[in-house]
Amino acid sequence: MMQNLQCNFFFLLSCILFCTTLALPWSQSREFNQAKNYEGSSDFVDLQYHMGPVLSSSPINLYIIWYGNWNPTHQSTIRDFIYSLSSPAPYPAVSDWWKTVRLYTDQTGSNITGTISLSGEFYDSKYSHGGSLSRLSMQSIIKHAVTSSYPRALPLNPNNGLYLVLTSPDVRVQDFCRAVCGFHYFTFPTIVGVTVPYAWVGNSGKQCPGICAYPFAWPKNSGRPPPSTNGGNNIMRAPNGDPGVDGMISVIAHELAEVSSNPLVNAWYAGDDPTAPTEIADLCMGVYGSGGGGGYVGVVSKDRWGNGYNVNGVKGRKFMVQWVWNPVKRRCFGPNAMD
């Protein structure tokens, strides 16, 4: 009886939150509307812990749902980034970047885990819910992925599962490119069967690279040309050769950091309103290196071909991921920091 009451209350609360905001969004466009970042130490950031869980159970079993028509080369790039989160690489590494995320703890003092395992993939190449999706559609897509007999259903893991829905460049998503590049939330038991955290990120390569793939493409209305395949028209050449995918990887990093530190919207965030929280990556949007902010990415590296990056990954990969808020240093921080 008590369990049912708690479940009903939790679902009612989640409905209120979800219907109010529909998700916790990430949009690079905010960087150009307001220089809201804190590369330097700041006492104005009121990031607080609200007593909820973080993803401390090891490992995080990550399940990717590839929705739409995906290029295998792009899938390989994204997989290598996921592998890099828990694998050694030359400093500064993706795994070093994740160490800042790991500084966040729950009320028992348990840190976010350092082990993220790619535990399953589902290929929704038949666009099970069409080519135009609402935010709430993501939960139905997860439901389809864990119940479908073809090609092979993902496990429904309420203990330490995390579901990542990635949409191909031709898929349109509610508010994508206008207000969000990605978001995270948790599933409703009435749709999926259990409560599990999830995130969605879209490939902006064809729809809005200047918003969601910055700094690899100029923002719209900047007077600059769209990205070219050889990188000649781009602000900074993408380290893995595709502005949409390389931009997507930074958004994936952003969402993984926030869903790990605030999976049920009751853990780490700033502000008094849980329906519109400012989370650990929101505080550092557009900051990729020392001195970053206001449209300047900061001091980053370039490889021998002139491609920009700030962290190293497995198989010699290089990636460009935004910084996150370091609760110890009380500022945005990444392993490529100059101090």
Hey, what do you get for [atom1] ([X]) to [atom2] ([Y]), rounding to the nearest 0.5 Å?
{"X": "Leu55", "Y": "Ile116", "atom1": "CG", "atom2": "CD1", "result": "8.5 Å"}
{"X": "Trp97", "Y": "Arg102", "atom1": "CH2", "atom2": "CZ", "result": "13.5 Å"}
{"X": "Leu166", "Y": "Gln75", "atom1": "CG", "atom2": "CD", "result": "9.0 Å"}
{"X": "Trp305", "Y": "Arg237", "atom1": "CH2", "atom2": "CZ", "result": "10.0 Å"}
{"X": "Ile78", "Y": "Asn203", "atom1": "CD1", "atom2": "CG", "result": "7.0 Å"}

Could you tell me whether the side chains of [X] and [Y] share a donor-acceptor contact shorter than 3.5 Å?
{"X": "Ser87", "Y": "Ser84", "value": "no"}
{"X": "Ser57", "Y": "Asn160", "value": "no"}
{"X": "Asp124", "Y": "Ser128", "value": "yes"}

Find out whether [X] and [Y] are in side-chain contact, i.e. whether some heavy atom of one side chain is under 4.5 Å from a heavy atom of the other.
{"X": "Ser261", "Y": "Ile112", "answer": "yes"}
{"X": "Ile142", "Y": "Ile65", "answer": "yes"}
{"X": "Arg135", "Y": "Val180", "answer": "yes"}
{"X": "Trp325", "Y": "Tyr104", "answer": "yes"}
{"X": "Leu162", "Y": "Leu256", "answer": "yes"}
{"X": "Pro197", "Y": "Tyr163", "answer": "no"}
{"X": "Val299", "Y": "Met338", "answer": "yes"}
{"X": "Ile211", "Y": "Cys181", "answer": "yes"}

May I ask whether [X] and [Y] are part of the same hydrophobic cluster, defined by side-chain heavy atoms of I, L, V, M, F, W, Y residues being less than 4.5 angstrom apart, directly or through others?
{"X": "Tyr309", "Y": "Val311", "answer": "no"}
{"X": "Tyr150", "Y": "Tyr63", "answer": "no"}
{"X": "Leu103", "Y": "Leu47", "answer": "no"}
{"X": "Val265", "Y": "Ile191", "answer": "yes"}

Q: Verify whether the ring centers belonging to His50 and Tyr269 lie closer than 6.0 Å.
A: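 Ring centres of Tyr269 and His50 closer than 6.0 Å.
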Q: Please check if the distance between the ring centroids of Tyr67 and His129 is under 6.0 Å.
A: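 Centroid distance Tyr67-His129: not below 6.0 Å, so no.
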Using modelled atom types only, decide if a donor and an acceptor are shared between the side chain of [X] and the backbone of [Y] within a distance under 3.5 Å.
{"X": "Tyr185", "Y": "Pro263", "result": "no"}
{"X": "Ser117", "Y": "Pro59", "result": "no"}
{"X": "Asp303", "Y": "Asn307", "result": "yes"}
{"X": "Thr115", "Y": "Thr113", "result": "no"}
{"X": "Ser250", "Y": "Asp246", "result": "no"}
{"X": "Ser204", "Y": "Met248", "result": "no"}
{"X": "Asn310", "Y": "Tyr288", "result": "yes"}
{"X": "Gln48", "Y": "Ala270", "result": "no"}
{"X": "Asp175", "Y": "Arg178", "result": "no"}
{"X": "Trp268", "Y": "Thr105", "result": "yes"}

Q: List the steps, then state whether side chain to side chain contact (heavy atoms under 4.5 Å, CB included) holds for Phe319 with Thr77.
A: CA-CA 10 Å; Phe319 302 102; Thr77 302; 4.3 Å; yes
Q) In chain order, what residues pass the salt bridge (Lys or Arg N to Asp or Glu O under 4.0 Å) check against Lys99, with sequence neighbours excluded? A)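 For Lys99, the residues satisfying salt bridge (Lys or Arg N to Asp or Glu O under 4.0 Å) (neighbours in sequence not counted) are Asp96.
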**Q.** Check SG atoms, Cys212 and Cys177, less than 2.5 Å apart
**A.**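 No, Cys212 does not link to Cys177 through a disulfide.
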Q | side chain to side chain contact (heavy atoms under 4.5 Å, CB included) partner of Arg317, chosen from Asn312, Ile249, Asn240 | A |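 Testing each of Asn312, Ile249, Asn240 against Arg317, the sole residue satisfying side chain to side chain contact (heavy atoms under 4.5 Å, CB included) is Asn240.
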Q: Verify side chain to side chain contact (heavy atoms under 4.5 Å, CB included) between Ile64 and Leu118, making sure each step is shown before the conclusion.
A: CA-CA 8 Å; Ile64 295 180; Leu118 181 52; 3.7 Å; yes
Q: Describe, in one word, how the ring planes of Phe176 and Trp200 are oriented to each other, choosing from parallel (under 30°), tilted (30 to 60°) and perpendicular (over 60°).
A: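 Correct class here is perpendicular.
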Q) Which of parallel (below 30°), tilted (30 to 60°) and perpendicular (above 60°) describes Trp323 and Phe333? A)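 Rings of Trp323 and Phe333: tilted, 30 to 60°.
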Q: Just do the side chain to side chain contact (heavy atoms under 4.5 Å, CB included) check on Val171 and Val173 with the steps written out, would you?
A: CA-CA 7 Å; Val171 177; Val173 176; 4.2 Å; yes
Q: Determine whether more than 12 heavy atoms belonging to other residues, nucleotides or ligands lie under 6.0 Å from atom CZ of Arg79.
A: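 Yes, because the 6.0 Å sphere around CZ of Arg79 holds more than 12 heavy atoms from other groups.
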Q.
Please determine whether a side-chain nitrogen of the Lys or Arg among Asp170 and Lys206 lies less than 4.0 Å from a carboxylate oxygen of the Asp or Glu.
A.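 Not counted as a salt bridge, because no side-chain N and carboxylate O are separated by less than 4.0 Å.
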